[in-house]
Amino acid sequence: MRRMLAAAVAAVLVTLAAAPAGAAQRRTEDLGVPLEDVLLIGGVVAPGPGGRTVLWGASSGSPAHLNAVDPATGAEVARYDLPGAEGSWAVDAAQDGSVYVGTYGDGRLYRWTDQGGVQDLGRPLPSENFVWTVAAGEGATVYGGTSPGGRLFAYDPATGVRDYGRLSAAHSYVRSVSYADGKIYAGTEDPAAIFEVDAASGTSRQLPLPDGLDPAGKWAYDVNVAAGHLYVRFGGASPGPLHVWDIAAGRWSDTLDPAHGLDVSPPDDDGAVYLVKDGELVRYDPRTKETTGTGMPITGRVANTRGIGWAELGLPDYPGKSVVGLLWRGLMFRYNPQTGATSFAQTEVQGEPIDVTALSEGPDGRMYAGGFLNGGFAALDPKTGKRAEFHTFSQSEDMTTHDGRLYVGAYPEARVYAYDPELPWNSPEYSPSPEPGPADNPARLFDLAAEKQIRPRALTSAGRYLAAGTMPDLGHLGGVLAIWDPETGELKHSGRNVIKDQSIVSLAYRDGVLYGGTSIYSGQSATPPTQPEAKLFAWSVKDDRVLWEIVPAPGKPAVPALTFDDRGRLWGIAGGEVFAVNPAARKVVERVTLSDSESASGQLAFNRRDRTLYGAHAGQYVFSLDPRTGRHAVLKEGPVHQLAVHGSGDVYFAEGPRLFRLTDQRMR
């Protein structure tokens, strides 16, 4: 495979013409990793090395790691590589003392034992690339749920993998799993469904939904069994109703709303559980249906526990067993039911480099970077290339500057924020504090969750307005074109399916007209497309209507980038093809073929300093292209997906978490 790839790249290098004159003078600088933070998703409280109770948490990275933390001190007891994995939602401890981790990236399963450390068990189901959930069964057995095939499996070290098959033809995800008394309980994506599977025979039945619950648009996101009760949180990543199913009675008995995920604690001696409800750690007794607050606030957008359980801390004010747990940025919490003592402590879990997903010059002339999954927000000094500041923030889909603000499109829910670099950073959503702070900055302007949108993939300045193009959530097609008026603080326009069943993944603006590039794909890969090829459209900002649409690159699935050159031609990239459009003639007037790739990835930007186009081709290399002659060349090979041009003429691009800069020495 490596020889074939090397040969392919060599062939591309041979066929490309010489670089534009300006590009030939450029030097590549490695600026390092601008985004680095802790992201814990899956976790459990269980015995660790030497049998001592620890907080287990899987941290995302390349590779991901399994971390064991001392709940009394926050010290890291152990840290294990998970090779081939990027992260994990799925961590649980089996009855025999082993710990299982199911991962995303390659859908692998790992098993830790005190004697042998971490063992890579490979992919339990070759067809599945995401293990969403694992739940301990009897002895050393673990059960898991997957996507994109919506399958349920069991793993026993003595017998290997058992594939229970697809739970439902209507579902692609087994999102959450729990086990008790010979039964496996599994929850799916939208439309939410709960299945009870007999672990021995494999027979299954679908449980009835709570009265009045419409499953459309909801997931059975979290499923937990504790002391004869099944706890199911319906909704998504944000807080939602937690319904309680009495297993013996076979009925829904109560609802807690709003509840946070991802888990409830194991039961106390009375069968009660602890969970986060409405921003507070609470105790819930399913027999009396009483909820009792602890006075411990757990706030912010992602106030979900990443493992919650019981541990003896041996600390003053914490006699006997205390409730302990992890939060997503490596913070741990502790509560003692006897004394009411509460505390937070930062653990020693190490931060990991974060892949860059957005690059833009800000209104202050600095370069800004946003990241994948655990997100992050970094400003870089354009003179030195060094990180000037870093903040915890959401996954960023795109960034753009408009009228003195940096606008950020965030995943999920297609949220859009405005950041003023002249004001103090204050994000109660992502850096909550018990003390009041200044005004929110970035300020959340709007979201398109009601329109079933998930990724604001394209942002651009459009005269007095800000324009956003989005990708929809799982099971939906058709993006939204949203036009925000900063002067009124309202959406001037918001409409779906500008191009039927296509997302809007790139935008450019000139003289009252927005130009949009589409993708046939949804914002979630499990949703099959219905359209054969991407389109380019023109939109009147004044009249809020489509002026025209064309297919600029036949057969290509996406037009992920658009940019104007200094002669008024609109350039785009689609797979291995770069094209120029005459907007007045409404047609493609030039094509440059880089390869036969049909990738949906690509970047393209015009540099006004040297009048050259710079782009990222199919996640393979950075190239330059002279828009006057069509001459083009590879400047650097590598897995490049993000690229932006600074006003100085420097070109910034990212290879995963590392940031690079192309500088023209003549401009220095």
Side-chain angles (χ1 to χ4, degrees), residues 34-35 37-39 236-240 258 260 276 278-280 297-304 327-329 331 344 354 357-358 360-364 366-371 373-380 387-451 453-456 459 461 464-468 470 482-492 494:
L35 300 163
D37 205 352
V38 176
L39 177 62
S238 299
H260 302 247
V276 180
D278 203 16
E280 181 186 10
I298 300 180
T299 58
R301 175 176 172 79
V302 189
N304 295 335
L327 301 175
W328 72 316
R329 295 298 186 181
L331 194 70
F344 292 97
I354 302 168
T357 54
S360 177
E361 181 179 357
D364 55 354
R366 297 191 296 181
M367 282 299 299
Y368 288 85
L373 198 58
N374 40 341
F377 182 92
L380 295 101
R387 193 172 77 182
E389 61 175 297
F390 172 82
H391 301 286
T392 295
F393 196 59
S394 178
Q395 174 173 315
S396 299
E397 296 289 319
D398 196 16
M399 295 179 172
T400 197
T401 292
H402 172 76
D403 195 24
R405 303 286 189 275
L406 180 72
Y407 289 83
V408 184
Y411 166 97
E413 299 168 355
R415 292 166 287 136
V416 175
Y417 295 79
Y419 173 64
D420 186 343
E422 299 298 320
L423 299 177
W425 175 278
N426 181 41
S427 176
E429 285 183 281
Y430 289 96
S431 301
S433 170
E435 302 296 328
D440 291 3
N441 187 36
R444 182 167 170 171
L445 304 179
F446 63 92
D447 68 69
L448 298 168
E451 297 291 333
Q453 302 300 297
I454 192 170
R455 303 181 191 276
L459 298 176
S461 178
R464 64 174 275 188
Y465 305 106
L466 173 81
T470 69
I483 300 177
W484 174 263
D485 188 341
E487 294 183 15
T488 65
E490 296 178 348
L491 284 168
K492 174 185 182 293
S494 178

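Values reported hereafter were calculated over all heavy atoms of this structure, with side chains retained and with hydrogens, waters and symmetry mates removed. Not measured: the values here are computed from a predicted model.
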With Asp403, which residues qualify under side chain to side chain contact (heavy atoms under 4.5 Å, CB included), at least two apart?
none
Quick one: list whatever passes side chain to side chain contact (heavy atoms under 4.5 Å, CB included) with Leu445, sequence neighbours left out.
Tyr407, Val416, Ala418, Trp484
Is there a donor-acceptor contact under 3.5 Å from the side chain of [X] to the main chain of [Y]?
X      : Y      : value
Ser494 : Ala482 : no
Asn441 : Leu423 : yes
Asn426 : Pro438 : yes
Arg405 : Thr401 : no
Thr357 : Gly371 : yes
Ser360 : Tyr368 : no
Arg329 : Asn374 : yes
Thr392 : Ser431 : no

Are Glu413 and Ser238 linked by a side-chain donor-acceptor pair shorter than 3.5 Å?
yes
Between Pro442 and Val408, is any pair of side-chain heavy atoms under 4.5 Å apart?
no
Under the ring pair (Phe, Tyr, Trp, His ring centres under 6.0 Å) rule, collect the residues that match up with Phe393, sequence neighbours excluded.
Tyr417, Trp425, Tyr430
